[in-house]
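Let me begin by handing over the structure; questions about it come next.
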Amino acid sequence: MTLRSFITALLILCCIEVCAATEHSLPAIYTTTTDLNFRNGPGKSYSKVTTLPRGSEVKVTNFTYNNWAIVEMSGNTTAYCSANYLQYAGPVPAPQAEAPRKAKSHGLVPTIIGWAWTAILWVIGIIVVRKLMLWCASIISVVAYKVYWVACLPFYFMNWLQRYASKPWRLFFKFNSGNDSRNQELRQIFEWVKIPLYIALTPLRFVNAVYYNLVVHCSFESLNYALEVLYPSHYREGGDDNWINWLIWLPWRIIKYPMWHGSLTFIESGIWTVVDTFIPALTLFHGTDTTASESITQSRGRVGNNSWRTEVWNVGGGNFAGNGIYFAPARSTALHYSAGSLIVCRVSLGRVIDLGLAPYNIFRQCGHADALGATRWGLNNGYTTGEWWRADCHWWEYCMYDWKNRYNHSWRIRPLYVLSIDDEMLQRIPGGMHHWLFRKMVINDIIDSFNTLVE
């Protein structure tokens with residue numbers, strides 16, 4: 001074969017290969033027949049971009065004169081590879097056409113029906129969610145009652161420690177000796193002894209104040225406010241299962257109770273924490289019936305209750321240690337007087353007279369009904385509270401002297417929460433508790449107490 005014949009045959013062979021490679025319409029899908037290098041240009045002299053394993057599918061857009069394939073890579077970039085190692089796999093899949101959109105109906109009747117159906121679904125959803133949340137709230141109330149009495153044991157002990165450490169001599173003066181001059185001398189001595197004890201117990205007072213005011217009171221009041229949102233007490237806000245008012249006033253209840261009164265509760269509790277740190281307060285118990293406990297703690301007018309007896313402490317009967325409001329340092333003592341409810345309070349007792357150190361004729365009046373002489377003597381001598389050992393029952397009681405209901409709006413008595421003894425759960429207070437701080441009389445009383453403390 002001549003040289004000319006060999007070159008002619010070689011050119012024909014190359015044309016056949018190129019035609020074989022380009023016999024299909026482009027772009028098209030090809031698969032690699034070996035591990036194939038892809039380069040920046042149509043030749044081995046160009047730098048390598050990547051290597052694809054055998055069987056990889058690539059999109060070929062064209063072929064060069066020297067039998068290299070132009071490949072469309074990811075990110076719309078271009079690379080080159082030898083066409084000798086590509087095998088035709090098929091055409092590029094055509095993009096799927098979008099399904100024709102249905103023309104929107106602009107008829108008035110279908111639109112109204114759609115709105116009505118959506119509203120019905122929303123109402124059903126709200127009713128279901130409301131029922132579930134009410135069920136959860138009732139469970140939380142019962143569980144909180146159980147858990148609290150376990151969690152509060154260390155703080156119950158610290159409250160007890162604060163009480164006894166402030167007057168460690170009280171156990172020796174349960175009874176009155178009858179020696180008035182000696183008792184007067186002891187009262188003066190103990191007034192001086194209280195000063196270093198007061199200073200030493202400041203950290204303990206602060207811890208108790210933070211726990212009872214900020215943790216306990218704010219947590220339980222938040223539950224009251226949540227119930228007002230879900231199950232309002234006032235019929236105008238959606239009470240009595242008035243669903244229309246319930247939905248209309250839902251945003252208002254959220255703003256009124258959790259946001260507004262909840263904020264005031266946290267602000268008030270923070271202030272009381274500071275006050276309790278400097279003016280000693282104890283967590284004490286007051287037993288009463290369900291109606292009275294609700295009336296005492298509820299805010300007048302907040303959910304339509306405008307009774308003059310609401311949010312006040314009124315003196316009851318008995319008054320065996322003086323005319324006033326009675327509290328017990330022990331829960332079991334308050335349960336003796338309870339008729340279904342137990343109010344747990346922070347009480348700033350003020351200046352306390354140990355009736356075992358009072359004049360003998362005052363002490364002898366205690367134990368009999370309406371011991372008004374104890375109240376009169378205590379107030380005339382600068383005492384706000386009498387502490388009495390009830391020998392027949394073997395327990396301590398506090399009587400906050402209340403001459404003509406002086407302390408029925410007092411800042412000295414701040415309920416933390418109410419327990420329903422019969423139901424064994426937290427008792428709901430409609431509308432939440434009254435704010436015991438924001439009153440002119442309260443501010444004046446606090447200023448007077450600070451002045452007395454400094455003097």
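All values derive from a computational prediction rather than experimental measurement.
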For this session: Check the surroundings of atom CZ in Arg364: do more than 12 heavy atoms from other residues, nucleotides or ligands lie under 6.0 Å from it?
Result: no
Exercise. Do Asn224 and Ser222 get their side chains close enough for a donor-acceptor pair, meaning under 3.5 Å?
Worked result: no
For this session: Can you establish whether the number of heavy atoms outside Trp252 located under 6.0 Å from its atom CH2 is more than 12?
Result: no
Exercise. So, does Asn159 use its side chain to make a donor-acceptor pair with the main chain of Thr283 at under 3.5 Å?
Worked result: yes
Exercise. Looking at Asp392 and Arg390, does any basic side-chain N land under 4.0 Å from a carboxylate oxygen?
Worked result: yes
Exercise. Between Glu237 and Arg253, does at least one N-O distance fall below 4.0 Å, as a salt bridge requires?
Worked result: no
Exercise. Is the NZ or CZ atom of Arg331 positioned over Phe285's six-membered ring, under 6.0 angstrom from the centre and within 45° of the axis?
Worked result: no
Exercise. When the aromatic ring centroids of Trp169 and Phe172 are compared, is their separation below 6.0 Å?
Worked result: no
For this session: May I ask you to check whether over 12 heavy atoms, not counting those of Arg236, lie within 6.0 Å of atom CZ?
Result: no
Exercise. Going by atom types alone, do Asp276 and Asn213 pair a side-chain donor with an acceptor below 3.5 Å?
Worked result: yes
Exercise. Around atom CH2 of Trp377, are there more than 12 heavy atoms of other residues, nucleotides or ligands at under 6.0 Å?
Worked result: yes
For this session: Tell me, yes or no, whether the heavy-atom count around Tyr164 atom OH, taken from other residues, nucleotides or ligands under 6.0 Å, exceeds 12.
Result: yes
Problem set entry | Side-chain donor or acceptor of Ser56 paired with backbone N/O of Leu52 under 3.5 Å | no
Problem set entry | Distance-only side-chain donor-acceptor flag, Asp402 / Asn323, under 3.5 Å | no
Exercise. Distance under 6.0 Å and angle within 45° of the ring axis: does Arg414 meet both against Trp272?
Worked result: yes
For this session: Tell me, with the steps shown, if Cys152 and Tyr211 meet side-chain contact (heavy atoms from CB on, under 4.5 Å).
Result: CA-CA 9 Å; Cys152 77; Tyr211 174 72; 3.4 Å; yes
For this session: Mind checking the CZ-CG spacing from Phe363 to Leu357? Nearest 0.5 Å is all I need.
Result: 10.0 Å
Exercise. What about the rings of Trp313 and Phe327, do their centers lie closer together than 6.0 Å?
Worked result: yes
For this session: Could you check if a side-chain atom of Ser233 sits within less than 4.5 angstrom of a side-chain atom of Arg428, using non-hydrogen atoms only?
Result: yes
Exercise. When rounded to the nearest 0.5 angstrom, what is the spacing between OH in Tyr212 and NE2 in His217?
Worked result: 14.5 Å
Problem set entry | Test item: Ser295 side-chain N/O and Thr291 main-chain N/O as donor-acceptor pair under 3.5 Å | no
Exercise. Is any side-chain N of the basic residue among Lys167 and Asp354 closer than 4.0 Å to the acidic one's carboxylate O?
Worked result: yes
For this session: Decide whether Glu397 and Tyr326 meet the rule of one side-chain donor and one side-chain acceptor closer than 3.5 Å.
Result: no
Exercise. Is Phe206 atom CZ crowded by more than 12 heavy atoms from other residues, nucleotides or ligands, each under 6.0 Å away?
Worked result: no
For this session: Kindly give the heavy-atom pair with the smallest separation between Thr31 and Glu57, and that separation in Å.
Result: CG2-CG, 3.7 Å
For this session: Please check if the side chain of Asn319 supplies one atom and the backbone of Asp370 the other of a donor-acceptor pair under 3.5 Å.
Result: no
Exercise. Among side-chain atoms of Glu72 and Thr61, is any donor-acceptor pair under 3.5 angstrom?
Worked result: no
For this session: Using only heavy-atom distances, determine whether the side chains of Arg54 and Thr32 contain a donor-acceptor pair under 3.5 Å.
Result: no
Exercise. Is there a donor-acceptor contact under 3.5 Å from the side chain of Tyr225 to the main chain of Trp260?
Worked result: no
Exercise. Counting N and O atoms only, with roles assigned by atom type, does the side chain of Thr333 sit under 3.5 Å from a partner on the main chain of Pro329, one being a donor and the other an acceptor?
Worked result: no
Exercise. Under 6.0 Å from the CG atom of Leu153, do we count more than 12 heavy atoms belonging to anything else shown?
Worked result: yes
Exercise. Can any side-chain N or O of Glu221 pair as donor or acceptor with the backbone N or O of Thr265 at less than 3.5 Å?
Worked result: no
For this session: State whether the side chain of Asp180 and the backbone N or O of Tyr360 hold a donor-acceptor pair below 3.5 Å, judged by distance alone.
Result: yes
For this session: Using modelled atom types only, decide if a donor and an acceptor are shared between the side chain of Ser341 and the backbone of Ser338 within a distance under 3.5 Å.
Result: no
Problem set entry | Nearest-0.5 Å distance, OG of residue Ser263 to CD of residue Glu268 | 12.5 Å
For this session: Give a yes or no on whether the backbone of Trp389 and the side-chain of Trp395 come within a donor-acceptor separation of less than 3.5 Å.
Result: no
For this session: Answer yes or no: is there an ion pair linking Glu228 with Arg302, defined by an N-O contact shorter than 4.0 Å?
Result: no
For this session: Indicate whether any N or O donor in one side chain lies under 3.5 Å from an N or O acceptor in the other, for Thr297 and Glu311.
Result: no
